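Beneath this line is the structure, given in structure tokens, with notes to follow.
Per chain, numbering begins at 1; letters A, B, ... match sequence-line order. All values reported here derive from a predicted model rather than from experimental measurement.
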Protein chains: 2
Amino acid sequence: MRPPLARDMFDELCPSGLLPLRFADKWAPLVLTCLTDGPRRFSELRVPLHRVTPRTLTRTLRALQRDGLITRAECPGRTPHVEYALTPLGRSLLEPLAAVCAWTREHWEELLRAREEHIAASPA
Amino acid sequence: MRPPLARDMFDELCPSGLLPLRFADKWAPLVLTCLTDGPRRFSELRVPLHRVTPRTLTRTLRALQRDGLITRAECPGRTPHVEYALTPLGRSLLEPLAAVCAWTREHWEELLRAREEHIAASPA
DNA sequence: CAGAATCCGTTTAGATACTG
DNA sequence: CAGTATCTAAACGGATTCTG
């Protein structure tokens, strides 16, 4: 019923020691989701992300690129632009990501209630 | 092939707007995992977490408690102590959490390779 | 044992302005 | 269009010391 805990959770839980790279990031999962249906431009990505500042979006995209989850392609032509797209690796991450989001939707009310009760019970 | 993106990803992806509460946290997922097999004490939790400082562990536990994912019980007696345990809600989160960790284990080598290639390709 | 208090360095992210 | 540069505020996390 209560076996001893592993001495080092960092070795056991994930090879990364923590959540997968980029998963404990505020923006990265949202960016990945935005790329589900195809490549997107820099400015296209900003809109659904509450007009996140260019600086923040740039850093997020660079990190995702570094980890092989997205690609960055410069598209020359009459209207030159840049397109970001999921790699197969990045796409494979969408599944566990969706599972987490589904959990949240399912338990949203419950989470809110817990918070409210906690606030109500906490001392002034 | 390329439908327009939702204007507000925060409304659509998760009710929370982001990942579920506490999921984008460095320690929370590890703590939840440590509680899988039963209640644990404060000091018991520190060991597998690389001797995380009391301050950090306390804040993590408070946040998890606030969101209804764990309970805190003071156990009086000859050796008084405190026990933290998963709520049913907290336990239900273990499943999507495990899915994410499984993904990481599965693609760990690939992630490492991408990083190395990126470092090799980046300018001095 | 289970923390609280304090200090401090790092990281994160927003606002704003500017550039090839 | 796709960023970069600079500044700033807040959050995160570690180290240390102290307490009911």
Side-chain angles (χ1 to χ4, degrees), chain A residues 2 4-5 8-10 16-19 21-31 34-35 39-67 70-85 122-123, chain B residues 2 4-5 8-10 16-19 21-31 34-35 39-67 70-85 122-123:
Chain A
R2 249 183 91 174
L5 283 171
D8 191 345
M9 182 61 53
F10 287 76
S16 74
L18 299 170
L19 286 182
L21 315 172
R22 306 292 98 222
F23 212 83
D25 178 291
K26 180 175 175 181
W27 298 104
L30 291 169
V31 169
C34 286
L35 294 174
R40 300 288 174 183
R41 301 182 182 188
F42 188 87
S43 48
E44 260 181 312
L45 289 171
R46 288 191 63 197
V47 181
L49 300 175
H50 276 187
R51 308 286 304 165
V52 59
T53 56
R55 170 183 156 79
T56 299
L57 182 55
T58 297
R59 293 202 324 182
T60 302
L61 291 168
R62 293 284 182 275
L64 288 169
Q65 197 184 347
R66 184 199 57 188
D67 289 344
I70 66 171
T71 56
R72 176 185 183 279
E74 301 191 12
C75 306
R78 286 221 308 121
T79 57
H81 59 277
V82 177
E83 287 203 333
Y84 293 94
S122 62
Chain B
R2 249 183 91 172
L5 283 170
D8 190 346
M9 182 59 54
F10 286 76
S16 74
L18 299 169
L19 287 182
L21 315 172
R22 306 293 97 223
F23 213 79
D25 177 291
K26 179 176 176 183
W27 298 104
L30 290 170
V31 169
C34 287
L35 293 175
R40 301 290 173 181
R41 301 182 182 186
F42 188 86
S43 47
E44 261 182 311
L45 289 171
R46 289 191 63 197
V47 181
L49 301 175
H50 278 187
R51 308 286 304 164
V52 58
T53 57
R55 171 183 155 80
T56 300
L57 182 54
T58 297
R59 291 201 321 186
T60 302
L61 290 168
R62 293 284 183 275
L64 288 170
Q65 197 185 346
R66 183 199 57 188
D67 290 343
I70 66 171
T71 56
R72 176 185 184 278
E74 300 191 10
C75 305
R78 286 221 308 119
T79 58
H81 60 277
V82 177
E83 287 204 333
Y84 294 94
S122 62

[X] versus [Y]: any side-chain heavy-atom pair under 4.5 Å?
{"X": "A:Phe42", "Y": "A:Pro54", "result": "yes"}
{"X": "B:Val31", "Y": "B:Leu57", "result": "yes"}
{"X": "B:Thr56", "Y": "B:Leu49", "result": "no"}

OP1, OP2 of [N] versus side-chain N and O of [X]: anything below 4.0 Å?
{"X": "B:Tyr84", "N": "C:dC1", "result": "no"}
{"X": "B:Arg72", "N": "C:dG3", "result": "yes"}
{"X": "A:Arg59", "N": "C:dG14", "result": "no"}
{"X": "B:Thr53", "N": "D:dG13", "result": "no"}

Over how many whole Å does the gap from [X] atom [atom1] to [N] atom [atom2] extend?
{"X": "B:Arg46", "N": "C:dA4", "atom1": "CZ", "atom2": "C1'", "answer": "13 Å"}
{"X": "B:Ile70", "N": "C:dA2", "atom1": "CD1", "atom2": "P", "answer": "13 Å"}
{"X": "A:Leu61", "N": "D:dC1", "atom1": "CG", "atom2": "P", "answer": "16 Å"}
{"X": "B:His50", "N": "D:dA15", "atom1": "NE2", "atom2": "P", "answer": "12 Å"}
{"X": "B:Glu44", "N": "C:dG3", "atom1": "CD", "atom2": "P", "answer": "13 Å"}
{"X": "B:Trp27", "N": "D:dG13", "atom1": "CH2", "atom2": "C1'", "answer": "8 Å"}
{"X": "A:His81", "N": "D:dC1", "atom1": "NE2", "atom2": "P", "answer": "11 Å"}
{"X": "B:Arg78", "N": "C:dC1", "atom1": "CZ", "atom2": "C1'", "answer": "15 Å"}

| said: For A:Pro80 and A:Thr58, find the nucleotide of DNA chain D closest to each by heavy atoms; which residue's nucleotide sits nearer the 5' end? | reply: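 First, find each residue's nearest nucleotide; the 5'-ward one identifies A:Pro80.
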Problem set entry | Non-hydrogen atoms of B:Pro39 and B:Glu83 that approach each other most closely |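 Taking B:Pro39 first and B:Glu83 second, the nearest heavy atoms are CB-OE1, 3.5 Å.
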Please tell me which of the listed nucleotides, [options], lies nearest to the side chain of [X]?
{"X": "B:Phe42", "options": "C:dG3, C:dG14, C:dC1", "answer": "C:dG3"}
{"X": "B:Arg62", "options": "C:dA4, D:dG13, D:dC1", "answer": "C:dA4"}
{"X": "A:Arg41", "options": "D:dC1, D:dG14, C:dG14", "answer": "D:dC1"}

Does B:Arg55 get its side chain close enough to the base of D:dG13, under 3.5 Å, for a donor-acceptor pair?
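Present.
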Would you find a donor on one side and an acceptor on the other, under 3.5 Å apart, between the side chain of A:Arg46 and the backbone of A:Val52?
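Checking the backbone N and O of A:Val52 against the side chain of A:Arg46, a donor-acceptor pair under 3.5 Å is found.
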